[in-house]
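Structure, as structure tokens:
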Amino acid sequence: MACAIIVNMTHPFQTIGIVGTGAMGRGIAQICAQAGSLVLLHDSQPQACGQAIESLQAQWQKLAEKGRLTAEQVQTYVGRLRAAPTLADLSGCDLVIEAIVEKLDVKQSVFQQLETLLRPDAVLATNTSSLSVTAIASALKRPERFAGYHYFNPVPLMKVVEVIAGLRTDPVVCQQLDAHARATGHSPVHAQDTPGFIVNHAGRAYGTEALRIVSEGVSDFATVDRILRDQVGFKLGPFELLDLTALDVSHPVMESIYHQYYQEPRYRPSVITAQRLAAGVLGRKTGQGFYRYTDGKAEVPVEAQVPVFAVMPPVWVSSRAARRAELLQLLKDLGAKIETGASPSVQALCVVAPLGFDVTTVAVVERLDPARTIGIDLLFADASTRRRVLATNPATREDMREAAHALFASDGKPVSVIRDSGGFVTQRVVAHMVNIASDICQQQICTPQDLELAVTLGLGYPMGPLAMGDQLGPDNVLETLFNMQTVYGDPRYRPSPWLRRRGAIGLSLTHVEPR
Ligand SMILES: NC(=O)c1ccc[n+]([C@@H]2O[C@H](COP(=O)([O-])OP(=O)(O)OC[C@H]3O[C@@H](n4cnc5c(N)ncnc54)[C@H](O)[C@@H]3O)[C@@H](O)[C@H]2O)c1
């Protein structure tokens, strides 16, 4: 419904300059004009500003046709846009937001010029996603008036913006940007100047762990996507997301964050995406990524059929089994013939539900016959998920795999059968995600509240990683990580002190120590 134009400036930015009128500059200009500021647009390409103004006008016009704006609003908003052919035309701005090419020296040169043109108390802000705010500011005479102001694409729809304090930024500048963001209807989150800030840092877990799972031969990418959508509730699987973002954007981000953190194993990228990038298999935009696209629609490989099994073997569950009560209840609900004796009968299928361990390790520790042993992932309660995931080990007999598949699919719930993996698929990805989020808090990059807000709004996850860790139990996530580290011997999975301490004491992952 169209509404009256109310302009109530709660920030000092009456006139805002935008440098760079590409995808991001246009979006930022749109929300600034809608919130009541006069917006001056500058671009190094002579035609670019005129095109940006025309495109914004067309966009507002479309909203008016849908009844979401009045003709008067369109006129007012368009009247707030001006082309600024030279940087000197921005001299009267209270704030200049830069959204140009992602190159340190080019950004520094633009800000050095702006600094000589604008009032000393004007604010300069960069929309950089991967450069250091402090490094850009190092070329300036007044680094205290400079901050990061990182929006997401498409700006009007992605309602979160990261306000990033460089090492020498005056906190007042961040407060002013915070007030401006709120006036535009965005949620500001505050981050220290560190690689990836909040959203691109917290987002490292999802894709990189999924790539590790596929590179280990645990499962194919389409199965990993199905599992994470159905068990956790992600809107897009990691490979669908990589196809959407395109590898020419996402692979360099993975490499950049990894190297900026001095080869931190938690962020290690994958040769899979490096090779695909080299081959030009980028994703949706090239018609082929992990999926092949016809008329914009992905061709999704079909799932394996549920085997038909005439006579089900009995199922044995150890008295020491992890998640025993839940496993027994599920088997009972499925009508399985359950054995709970000291050892399995010769024909029994042995089902285990490890947390972080692989099926092989549990079979060896419990002295089970690996040929008859299968694992099921019960990290999330069975009733809360739309898919069950079973894992074999290298010795599992085909008839046992098929019997387990048929049994766990017998009530119609989809089942994926994967190869052995410390932490199946979901445990690995979720534990890694909670761990990286925890370490962001440990490093004091942002508050737990801002982290949760940034991740839900910026990445669209079904809930914040800390809330997910709390729901699963920080002690369970901790155990998963310890066991994954044992299986893989990889420091990638070492728990962050934030998670280790809260998990050990029984505190929420959002708990902040009092001073
Ligand atoms: N596209 C995204 O999803 C996204 C998201 C967040 C942040 N960012 C960041 O925003 C910035 C811009 O990204 P984009 O996707 O809008 O790029 P874009 O290529 O769509 O637009 C960049 C614009 O800047 C202009 N430009 C280049 N050098 C200039 C200069 N020296 N002076 C004036 N104008 C100049 C170009 O002519 C172009 O119009 C980058 O720093 C990028 O990292 C992009």
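Please read these numbers as outputs of a predicted model, since none were measured by experiment. The first residue of the sequence shown is numbered 1, and numbering continues consecutively from there. Ligands are counted one by one from 1 in listed order, and the atoms in each one are counted from 1 as well.
- Note: Phe221 and Tyr291 have perpendicular aromatic rings, judged against thresholds of 30 and 60 degrees for the angle between ring planes.
- Side-chain N/O atoms of Thr86 and Asp89 include a donor and acceptor closer than 3.5 Å.
- In this pair, His180 and His11 present their aromatic rings perpendicular. The plane angle is above 60°, beyond the 30 to 60° band.
- Taking the centre of each ring, Phe234 and Tyr461 come in below the 6.0 Å mark.
- Phe239 and Phe290 have their aromatic ring centers within a separation under 6.0 angstrom.
- In summary, the aromatic rings of His186 and Tyr151 are positioned with their centroids under 6.0 Å apart.
- The nearest heavy-atom contact from the protein to atom 20 (O) of ligand 1 is Ala23 N, 3.1 Å.
- Residue-ligand proximity, Val106 to ligand 1, at heavy-atom distances under 4.0 Å covers atoms 31 (N).
- Both the backbone and the side chain of Ser44 come within contact range of ligand 1, each with a heavy atom under 4.0 Å.
- Those atoms of ligand 1 with a heavy atom of Val19 less than 4.0 angstrom away are 33 (C).
- Here Arg492 does not pair with Glu264 in a salt bridge; the nearest charged N to carboxylate O distance is not below 4.0 Å.
- For ligand 1, the atoms sitting less than 4.0 Å from at least one non-hydrogen atom of His150 are 6 (C), 7 (C), numbered in the order shown with element in parentheses.
- Given atom 22 (C) of ligand 1, the protein heavy atom at minimum distance is Ala99 O, 3.7 Å.
- Heavy atoms from other residues, nucleotides or ligands lying under 6.0 Å from CD of Gln47 number 12 at most.
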Apply the test ring pair (Phe, Tyr, Trp, His ring centres under 6.0 Å) to residues Phe111 and Phe146: give CA-CA distance (whole Å), side-chain angles for both, the deciding distance (0.1 Å), then the verdict.
CA-CA 9 Å; Phe111 284 117; Phe146 180 81; 4.8 Å; yes
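- Those atoms of ligand 1 with a heavy atom of Gln45 less than 4.0 angstrom away are 37 (O).
- Of the protein's non-hydrogen atoms, the one nearest atom 38 (C) of ligand 1 is Asp43 OD2, 3.5 Å.
- Nearest protein neighbour of atom 18 (P) of ligand 1, counting heavy atoms only, is Gly22 CA, 4.0 Å.
- Shortest contact from atom 14 (P) of ligand 1 to any protein heavy atom: Met24 CG, 3.8 Å.
- When each atom of ligand 1 is checked for a heavy atom of Lys107 under 4.0 Å away, the hits are 40 (C), 41 (O).
- Ligand 1 does not have Arg26 within reach: every non-hydrogen atom of the residue lies 4.0 Å or more from it.
- The nearest protein heavy atom to atom 24 (O) of ligand 1 is closer than 4.0 Å.
- Taking the ring axis of Trp498 as reference, the NZ or CZ atom of Arg501 does not stay both within 45° of it and closer than 6.0 Å to the ring centre.
- Using a 4.0 Å threshold on non-hydrogen atoms, atom 43 (O) of ligand 1 counts as touching the protein.
- Within the set Thr245, Leu131, Val155, Ile100, the minimum heavy-atom distance to atom 11 (C) of ligand 1 is found for Ile100.
- Using a 4.0 Å cut-off to heavy atoms of Tyr151, the atoms of ligand 1 that qualify are 5 (C), 6 (C), 7 (C).
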Go through it in stages, so that I can follow the logic: the residues are Tyr261 and His201, the test is ring pair (Phe, Tyr, Trp, His ring centres under 6.0 Å), and I'd like the CA-CA distance, side-chain angles, deciding distance and then a yes or no.
CA-CA 11 Å; Tyr261 268 108; His201 185 167; 5.2 Å; yes
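- Counting atoms of ligand 1 from 1 in the listed order, those under 4.0 Å from a heavy atom of Glu102 are 40 (C), 41 (O), 42 (C), 43 (O).
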